[in-house]
Amino acid sequence: MKKEVNSELMDKIVSLCKRRGFIFPGSEIYGGLANSFDYGPLGVELKNNIKNLWWKRFVQQRDDMVGIDAALIMNTRVWQASGHLENFTDPLVECKKCHHRFRKDLVEGNKCPDCGGELTEAKQFNLMLKTFLGPVENDESIVYFRPETAQAMFVDFKNVLDTTRRKLPFGIAQIGKAFRNEITPGNFIFRTREFEQMEIEYFIKEKDWKETFEMWRKEMQSWMTDELGLKEKDIHELDVPDGERAHYSKKTIDFEYDYPFGKKELYGLAYRTDFDLKNHFKEPPYEDVEAGEKLYPHVIEPSFGVDRSVLAVLSEAYKEEEDRVVLKLKPRLAPYKVAVFPLLKNKPELVKKAQEVYHNLKKDFSVAFDDRGNIGKRYYSQDEIGTPFCVTIDFDTLENGDVTVRDRDAMKQERIKIKDLREFINGKLI
Ligand code: ATP
């Protein structure tokens, strides 16, 4: 069954993001820059929480993985060897009437989405973003911003191997920006020309590709449901057919998610064979000492978009209840873990105590402080940005050393000793 497109929900998410400081239109005071966005104070926390969780799970907690952080601009010969200069293209069509341009496979029907005019035949349009490096602007100084983080893992393969003495199977991971001169960007942060990826190149022997592919398929599913909190029913696997896969891939699964604007690709998992290492290294870069042979490892690539993760998480978390809007974020993803309130703003002893609790909690968590309006309004304000716990300091606190802790989802309150707060919050950070 085709899910309905919920553009009203999308508008509400975009408006909340702007209003509460998650995501702003880029360069806004100069009229903006088409499809560019800036993460604000709360957005950067949410995004960093996702990236940190990913790094911890896939790099630090595994013993078959190492990380790198490579330059965004690489030698142009990298892109010749990888095939991107020749093949990293999308089909472009132009309207014969209004001359607007579109990516052919994103146009429904064969008419111009803007004016209904006739479209031209498709031309291949290269998505690499160009610039010049150095003080001379000529053909020799043209360089490209990377369109994927992946190539650095291949180009640095030998350096990583020599410095870490890894044995197959092992992976190299990276989080960083990628750039694509998308023909038809859109849907807020879903498709932009500058975005972030979290990618793994997992090196194996050829014979192991099927079971390794399966292992990563399960890992990706578990990441989406257990860490991001997405619902299984909203995630769909698409086995990308021959002829539609990227030029390097022998098998690809797209993980699609039911965004408010429809079912669209969230992540990809590809079997890149030995295509990349063969293109970059004249000699096999890996020596299997036990077998006494040199070989080109094969590669399974789980690729995660950061911005598409943020958008999926926000779409899942956004809920409208009777008299409140609440982001039901997993506590570990929430920008603030806890908010601290003095019951009354005009009682210096309450404010002082609240400040003390606030500064103490800040040593371990990201914490908000709010003393404006009544407590009910402060709760709702925190609900809207997904803060899982609110702590209120009242007159009993001064007597007994305990505070009221209110839970975002259950909307229930309980009394907890100040000295136990840290442990309480830590225990809830799932
Ligand atoms: P699409 O078909 O949507 O253009 P793709 O198949 O070209 O995507 P990949 O090359 O597999 O995407 O890139 C890996 C991941 O990077 C994607 O699954 C997605 O999460 C993210 N990604 C790719 N392009 C963009 C973009 N323009 N904006 C935001 N994220 C992107």
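FYI, side chains are in, hydrogens and waters are out, and symmetry mates aren't considered; it's all heavy atoms of this structure. Every number for a ligand or one of its atoms is a count from 1 in the order of the listing. In this text, all values refer to a predicted model and were calculated from it rather than measured experimentally.
- Partner of Glu384 under the salt bridge (Lys or Arg N to Asp or Glu O under 4.0 Å) criterion, out of Arg324, Lys319, Arg19: Arg19 alone.
- Put simply, no part of Glu301 is less than 4.0 Å from ligand 1, judged by heavy atoms.
- In terms of protein heavy atoms, atom 14 (C) of ligand 1 is closest to Ser303 OG, 3.0 Å.
- Residue Gly305 places at least one N or O, backbone or side chain, under 3.5 Å from an N or O of ligand 1.
- Nearest to atom 3 (O) of ligand 1 by heavy atom, out of Glu182, Glu265, Arg191, is Arg191.
- By the 30° and 60° cut-offs, the orientation of the rings of Tyr379 relative to Phe341 is tilted.
- In the candidate list Arg245, Arg180, Glu148, Arg180 is nearest to atom 10 (O) of ligand 1, counting heavy atoms.
- Proximity to Tyr267 (heavy-atom distance under 4.0 Å) selects the following atoms of ligand 1: 18 (O).
- Taking a cut-off of under 4.0 Å to the non-hydrogen atoms of Gly268, the atoms of ligand 1 that pass are 18 (O).
- Using a 4.5 Å heavy-atom cutoff, the side chains of Lys51 and Asn48 are in contact.
- An N or O contact shorter than 3.5 Å links Gln197 to ligand 1 by distance.
- Within the 4.0 Å heavy-atom cutoff, Phe190 counts among the residues contacting ligand 1.
- Looking at Lys205, Lys167, Lys294 one by one, the single match for side-chain contact (heavy atoms from CB on, under 4.5 Å) with Asp288 turns out to be Lys205.
- Ring geometry for Phe157 versus Phe281: interplanar angle over 60°, hence perpendicular rather than tilted (30 to 60°).
- Leu314 has its side chain within reach of Leu46: a pair of non-hydrogen atoms, C-beta onward, lies under 4.5 Å apart.
- Scanning the protein heavy atoms around atom 22 (N) of ligand 1, the nearest turns out to be Phe195 CE1, 3.5 Å.
- Looking at Ser309 and Tyr267, their side chains do bring a donor and an acceptor atom within 3.5 Å of each other.
- Using the six-membered ring where Trp is involved, Trp223 and Phe58 have ring planes that are tilted, between 30° and 60° apart.
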Stepwise ring pair (Phe, Tyr, Trp, His ring centres under 6.0 Å) check, Tyr271 with Trp209
CA-CA 8 Å; Tyr271 171 37; Trp209 83 264; 4.2 Å; yes
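- Residue Arg103 has at least one heavy-atom neighbour below 4.0 Å for each of these atoms of ligand 1: 2 (O), 4 (O).
- The closest approach between any non-hydrogen atom of Thr192 and ligand 1 is below 4.0 Å.
- Residue contacts with ligand 1: Leu266 is placed with a nitrogen or oxygen under 3.5 Å of a nitrogen or oxygen of the ligand (distance criterion only).
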